Amino acid sequence: MRFIFIGPPGAGKGTQAIRVAEMLQIPHISTGDILRQHVSEQTSLGQQAKVYMDRGELVPDQLILDMVQYRLEQADTSRGWILDGFPRNVPQAIFVEKLLSSTSTEGALKVINLDAPDDEVVKRLLARGRRDDTEDTIRRRLQVYREQTTPLIEFYNSRQQLCQIDGSLSMDEVTTQLKQAVAAV
Ligand code: AP5
């Protein structure tokens with residue numbers, strides 16, 4: 001069981017990925033969380049990544065790909081995983097495809113596109129107040145999402161791996177829809 005959660009900032013990827021991961025007993029792997037851990041530990045990666053994260057830009061692929069590969073090689077991923085916030089551009093998606101074709105893990109890849117309108121996600125993120133949840137940075141993250149991440153919708157749709165979920169519903173309603181989508185895999 002392998003799932004990728006994509007969607008704009010604030011659509012609820014992290015919230016829902018945690019719930020589905022617990023239900024399926026597979027790890028929830030959030031590149032944002034791993035990066036924030038590096039930032040708080042002031043590792044070399046964290047110091048480099050922080051500059052981009054504070055601006056709402058994507059951290060360069062050369063910093064991200066080794067980090068993801070290392071995480072996906074850990075023993076707890078043998079039954080599958082949920083990737084939250086990765087891939088975020090076409091080169092990262094191609095990296096996942098190559099990685100999967102070189103491993104023997106069984107099971108289909110399903111990509112959940114959790115979408116919600118800009119006004120809704122801005123409201124949610126301003127209420128959350130994470131370091132990168134300022135109005136300017138949220139707008140930049142949304143712009144980066146539109147420019148670099150939305151091409152993945154067609155990328156995965158053309159591979160018949162995409163599942164659309166309405167992230168503007170209540171948290172529990174979204175979870176109900178996700179449970180149905182996951183059961184259909
Ligand atoms: P990342 O941590 O991935 O942030 P993001 O994609 O902007 O996502 P968020 O965490 O803001 O939103 P979410 O969709 O997970 O929503 P959540 O469940 O938290 O990335 C941060 C930065 O790291 C990037 O900008 C980039 O710099 C870097 N980065 C990360 N991955 C990278 C990669 N692959 N390549 C390059 N750079 C990378 O919910 C948000 C809020 O809404 C919460 O308060 C929640 O309680 C609330 N909420 C959730 N669902 C609902 C609902 N249905 N109704 C009402 N409220 C809700």
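All values derive from a computational prediction rather than experimental measurement. Ligands are counted one by one from 1 in listed order, and the atoms in each one are counted from 1 as well.
The heavy atom nearest to atom 29 (N) of ligand 1, considering only L35, T31, D33, is found in L35. Counting heavy atoms only, R88 comes closest to atom 3 (O) of ligand 1 of the residues R88, K13, R128. Considering only non-hydrogen atoms, atom 35 (N) of ligand 1 lies nearest to Q92 out of M53, Q92, R130. Across E173, R131, R124, heavy-atom proximity to atom 56 (N) of ligand 1 is greatest for R124.
The residues D84 and K13 are annotated as not salt-bridged, no charged nitrogen and carboxylate oxygen being separated by less than 4.0 angstrom. A salt bridge is absent between R140 and D132; no separation between the charged side-chain nitrogens and carboxylate oxygens falls under 4.0 Å. For D118 and K123, the salt-bridge test fails: no basic side-chain N is under 4.0 Å from an acidic carboxylate O.
Residues L162 and I153 are in side-chain contact: their nearest non-hydrogen atoms beyond the backbone lie under 4.5 Å apart.
Between Q47 and Q42, the shortest heavy-atom contact is NE2-O, 3.4 Å. Closest non-hydrogen pair, K98 versus S101, comes out as O-OG, 2.9 Å. Contact record, R36 with S30: NH2-OG, 4.4 Å, taken as the closest heavy-atom pair. For the residue pair T134 and L126, the shortest heavy atom distance occurs at C-CD2, 4.3 Å.
Enclosure of atom OH in Y52 is not indicated, since only 12 or fewer non-hydrogen atoms of other residues, nucleotides or ligands lie within 6.0 angstrom. With a 6.0 Å radius and a threshold of 12 heavy atoms from other residues, nucleotides or ligands, R130 has its CZ atom above the threshold. Within a 6.0 Å radius of CD in E41, more than 12 heavy atoms belonging to other residues, nucleotides or ligands are found.
Considering backbone and side-chain atoms alike, R141 places an N or O below 3.5 Å from some N or O of ligand 1. Taking only nitrogen or oxygen atoms, main chain and side chain alike, G14 reaches within less than 3.5 Å of ligand 1. Considering backbone and side-chain atoms together, I64 places no N or O closer than 3.5 Å to any N or O of ligand 1. Polar contact check, P87 against ligand 1: no nitrogen or oxygen pair lies under 3.5 Å apart. Between G85 and ligand 1, an N or O atom pair is found at a separation short of 3.5 Å.
The cationic group of R159 lies under 6.0 Å from the six-membered ring centre of F155 and within 45° of the ring axis, placing it in a cation-pi geometry.
The ligand atoms of ligand 1 that sit less than 4.0 angstrom from a heavy atom of E57 are 26 (C), 27 (O). With ligand atoms numbered from 1 in the order given, ligand 1 contributes 21 (C) to contacts under 4.0 Å with heavy atoms of D132. Shown in contact with L125 at under 4.0 Å from a heavy atom are these atoms of ligand 1, numbered in order with element: 11 (O), 40 (C). The contact set between ligand 1 and G12, taken as ligand atoms under 4.0 Å from a residue heavy atom, comprises 13 (P), 14 (O), 16 (O), 17 (P), 18 (O), 49 (C), 50 (N). Which parts of ligand 1 touch M171 is read off a 4.0 Å heavy-atom cut-off, strictly below it: atoms 46 (O), 48 (N), 50 (N), 51 (C), 52 (C), 53 (N), 56 (N), 57 (C). Counting the atoms of ligand 1 from 1 in the order shown, those under 4.0 Å from a heavy atom of T15 are 17 (P), 18 (O), 39 (O), 45 (C), 49 (C).
At least one heavy atom of R36 lies less than 4.0 angstrom from ligand 1. By the 4.0 Å heavy-atom criterion, V144 is excluded from the residues contacting ligand 1. In this structure, P8 has a heavy atom closer than 4.0 Å to ligand 1. Heavy-atom distances between G10 and ligand 1 reach below 4.0 Å in at least one pair. Distances shorter than 4.0 angstrom do not occur between any heavy atom of L114 and any atom of ligand 1.
Nearest protein heavy-atom neighbour of atom 53 (N) of ligand 1: L169 O, 2.8 Å. In terms of protein heavy atoms, atom 37 (N) of ligand 1 is closest to V59 N, 3.0 Å.
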Step by step, work out the side chain to side chain contact (heavy atoms under 4.5 Å, CB included) result for M67 and L35. CA-CA 9 Å; M67 180 186 97; L35 287 167; 3.7 Å; yes
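Side-chain contact, Q164 with D115: no donor N or O sits under 3.5 Å from an acceptor N or O.
Residue A49 does not touch ligand 1, judged by heavy-atom distances below 4.0 Å.
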